[in-house]
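Here is the structure we will look at.
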Amino acid sequence: MRRIVIRCLGLAGLCTGLIALPSFAQERDSGKSDVPSRDVVRSDSPLEEVDAVIAQTGLDTVADWRNTPPGLAEATFVSHAGAVEPISVVITLDLRDHAGVDALLAAQHDPTSPQYHQWITPEEFQSRFGPLPEDLQAARNHLAAHGFTNITQPTSTMIAGEGDVRRAEQAFQVRINNHIYNGRSVFSNDRDPILPPGLANKVAHVGGLDNLAIMYPKHGPPIKADPRYLYTGNGQNYYLPRDNQVAYGEKAGYFDLGKKGIPGAELAVASSFNIQLSDVNDQLTRQGGAGAGYNLLTSATSGAHTVSTTCVPNTGSGTGCSFVNGVNHESLETNWDVSVSCSVANDNHIGVYLAQTQLVSAFGVVYQYLADRSSTIKVVTHSWGLCLTNMPAGNVTADDNAFAQAAAGGQAWFVATGDSGANDCGSGANSVDYPAASPYVTGAGGSEQNSLASGTFGADGWMAGYPANGETACTNGGGGQATTGPTEPRPSWQTGTGVPAGTKRLVPDISMHYGVCGTDTYSKQYIVMIGGSLFTVAGTSGDAPQWAGYWAVGNQVVGQNLGQAGPTVFRILRNEGGTSYANSFHDVTTGSNGGFSATVGYDQATGVGTPKFNGLYSDLALLFAPPSPCTTDADCNDSNACTTDTCNIGTGTCSHAAVNCDDANACTTDGCDAASGCTHTAVTCSDGNSCTTDACNPATGCTFTWPACGLNDGCCGPTCTSGNDPNCCGATGAACTTNSQCCSNRCRQGTHTCR
């Protein structure tokens, strides 16, 4: 995994020596997992005014922000950041109803629900679940009150502002210090932010207070290839999407028949560092160009086989929106993503959305920016990530909110699972990559076709069919589940043959040919051009954009938006709705990724397997087929006694309104049984006191009546702690209602006085 050095906004100072690093335990209720305590690095010149304000009452620390970067404990302290150094922050407001969001997503993939495949607009999502306007305004006001300027709202959930270190420290009650971390000069807050009551519990994350955590592209090191490379059948050929289209059964039956994505529909690439269009078009030319159906891309904001780039605002001030071909070939990732996705979905418009820096918080803005456009962008590919354990947990919450909104809008994300096998963190323990591990995206892993098998490539140098010896799990393909640090819950749809017991999110969901894995010698690399030079490359970076292209074609084949892929492919794994797992996927059952072996059905090395598009597209059509038009109410019978089923004869569509079981009787509990209909269970009215008469009034509910006290009738009432306690029982002539209120144990019936 290569490192990318980013500019530190002038906040890094010179190292003047090491100091002791005191530590304290910070409790963080992440809502997902326990987060270990972290060392807090203090300046040798403490900011007394900051610590004094922190000690004041009336300020709320939000435990589940987890806004202090995990890597801070390993960073070397250098100095306190300069007070006037510039700093930009982005406050991300949280969703109001997480449970409601998950319930909606479950219903959208439940064929028995009226909300099945009924995607909602970003505006409706925000109206139902997003931050309230007054909460967004409170975030604006907070930044303004502390002197921040250029305050904007870059996305539906974010408020951004520009200031300096002094203002940031005062606004969020932190200290910002300079450090050395993994060879980079960085800055970071030393503790979780603090915000005023009323705003604190509305915030998911505050971005911009550190630059420790950055994203990395999910491909291996590129190796320069022979520029004279041609497909001559001489054994020097490499993989391009055209080869996979043949191997996975898509080219002849779909691409060659014009199924190349809905013309002009947008497929988005979320990345950093811009493309060079001539590099992308070189790959399309190598696959045969327009004569073979691979039309070259032209720069335009819309239209079939066009491409545009957008530099997403509030993502920093680095070079990520430029074409960069430095020593690390920075733009290679975006070049590869665009070239392989447009090779498959050649009639789509490719929209490239770029973060200016590689900070996790910068990519978080890109995620929400794209989710806010789910009405028009239906497929997204993303091949950047970071070990989930190293992610600030507050970022995970904020990002997952964006991915959940995208999923509710029917926007399908395909994310590379990484290139370090089951050891994504490099620590030797099983660990996974983020955001592929989010339950709201589809994680694309790696397999390896035996492309050295006899007859695999034809005389023309192109793949001739699926390898006779099939595929094996890729040793480098990311997969597994998170067990420490920030973790992700397992989505309800992740069940089926091979899925192990547990509560944590599993990755990958699906796989595709990775390229040469590790020291394997029976497969071929991919080839990509950057800066006019050819390179061989491998990685799940190439799998995510290819899957995105195929899914965009699926939208065209099926005739409607397919939405998030994960819930649907697991339905096929379970053979639901008339589908066939065996006809839709190659079940990879050999090899491992170092932590998990490929097995029958699902496994944490290859997911549900690799596609057979000539069967998968047919199965998708089954699952997304519109219901037969109705002509009478009887056609709409859903066998549920709790709904009133009616047919709109004009449109031929059914509706299933919930039956109103309210009997207006406060003495019954109203419910509904799907088999028998409304139920009305009598309320039990009992106060546990044998002295009262318990009853129920249909208008008001339960009643508990004390009996009237008669002379010497021994009626019940409050009892004394001792027989002659003047504080407990009335003296002669005292008012009373029961015998027990009188020390003489006699209560006159007429005057209600003690005798």
Side-chain angles (χ1 to χ4, degrees), residues 29 31 60 95-104 106-107 110 112-115 128-129 132 197-198 201 492 633 636-646 655-755:
D29 177 13
D60 286 351
L95 298 181
R96 304 195 311 271
D97 183 7
H98 290 270
V101 171
D102 287 337
L104 169 64
D110 179 0
T112 67
S113 170
Q115 296 173 297
R128 292 171 59 178
F129 308 111
L132 296 172
N201 61 356
S492 60
D633 289 347
C636 297
N637 184 5
D638 62 359
S639 300
N640 187 344
C642 296
T643 60
T644 299
D645 309 321
T646 56
S655 62
H656 308 279
V659 171
N660 183 3
C661 292
D662 185 2
D663 62 0
N665 186 344
C667 296
T668 62
T669 299
D670 306 323
C672 194
D673 181 86
S676 60
C678 291
T679 59
H680 308 285
T681 305
V683 171
T684 300
C685 294
S686 174
D687 61 358
N689 189 339
S690 61
C691 298
T692 59
T693 300
D694 304 333
C696 191
N697 184 315
T700 61
C702 292
T703 61
F704 308 101
T705 307
W706 284 84
C709 179
L711 180 62
N712 298 327
D713 60 4
C715 67
C716 298
T719 60
C720 297
T721 57
S722 63
N724 294 305
D725 184 353
N727 294 319
C728 179
C729 56
T732 300
C736 62
T737 56
T738 65
N739 287 337
S740 60
Q741 289 178 303
C742 304
C743 294
S744 61
N745 202 28
R746 295 287 189 275
C747 179
R748 292 187 178 90
Q749 182 176 9
T751 63
H752 289 282
T753 58
C754 293
R755 299 174 63 182

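Note that the structure is a prediction, hence the values are computed from the model and not measured. Heavy atoms only: backbone and side chains are in, while hydrogens, waters and symmetry mates are out.
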**Report entry** Worked check of disulfide (SG to SG under 2.5 Å) between Cys696 and Cys685
**Finding:** CA-CA 7 Å; Cys696 191; Cys685 294; 4.0 Å; no

Query raised in the report: Can you name the residues that form a side chain to side chain contact (heavy atoms under 4.5 Å, CB included) with Cys636, not counting sequence neighbours?
Result: Cys630, Asp645, Cys647, Cys654, His656

Query raised in the report: Roughly how far, to the nearest 0.5 Å, is CZ of Phe129 from CG of Asp97?
Result: 6.0 Å

Query - Shortest non-hydrogen contact between Ala666 and Gly701, atoms and distance - result: CB-N, 3.6 Å

Query raised in the report: Any side-chain heavy-atom pair from Thr669 and Val683 closer than 4.5 angstrom?
Result: yes

**Report entry** SG-SG distance Cys672 to Cys642 under 2.5 Å
**Finding:** yes

Query raised in the report: Say you draw a straight line from CG of Asp662 to NE2 of His680; how long is it, rounded to the nearest 0.5 Å?
Result: 8.5 Å

**Report entry** Point-to-point distance, once rounded to the nearest 0.5 Å, from OG1 of Thr643 to CG of Asn637
**Finding:** 7.5 Å

Query raised in the report: OG1 of Thr679 to CG of Asp670: how many Å apart, nearest 0.5 Å?
Result: 7.5 Å

Query - Side-chain donor-acceptor contact under 3.5 Å, Ser655 with Thr646 - result: yes

Query raised in the report: Are the side chain of Ser113 and the backbone of Asp110 linked by a donor-acceptor contact shorter than 3.5 Å?
Result: no

Requested in this report: Using distance alone, with no hydrogens and no angle criterion, decide if Ser676 and Asp673 have a side-chain donor and acceptor under 3.5 Å apart.
Outcome: yes

Query raised in the report: Can you tell if the side chain of Leu104 reaches within under 4.5 Å of the side chain of Gln115, non-hydrogen atoms only?
Result: yes

Report summary line: Sorted by chain and residue number, the side-chain hydrogen bond (donor to acceptor under 3.5 Å, both in side chains) partners of Ser492 (sequence neighbours excluded) come out as none

Query raised in the report: So do Cys667 and Cys702 have their SG atoms closer than 2.5 Å?
Result: no

Query raised in the report: For Asp663 and Thr668, does a side-chain donor sit closer than 3.5 Å to a side-chain acceptor?
Result: yes

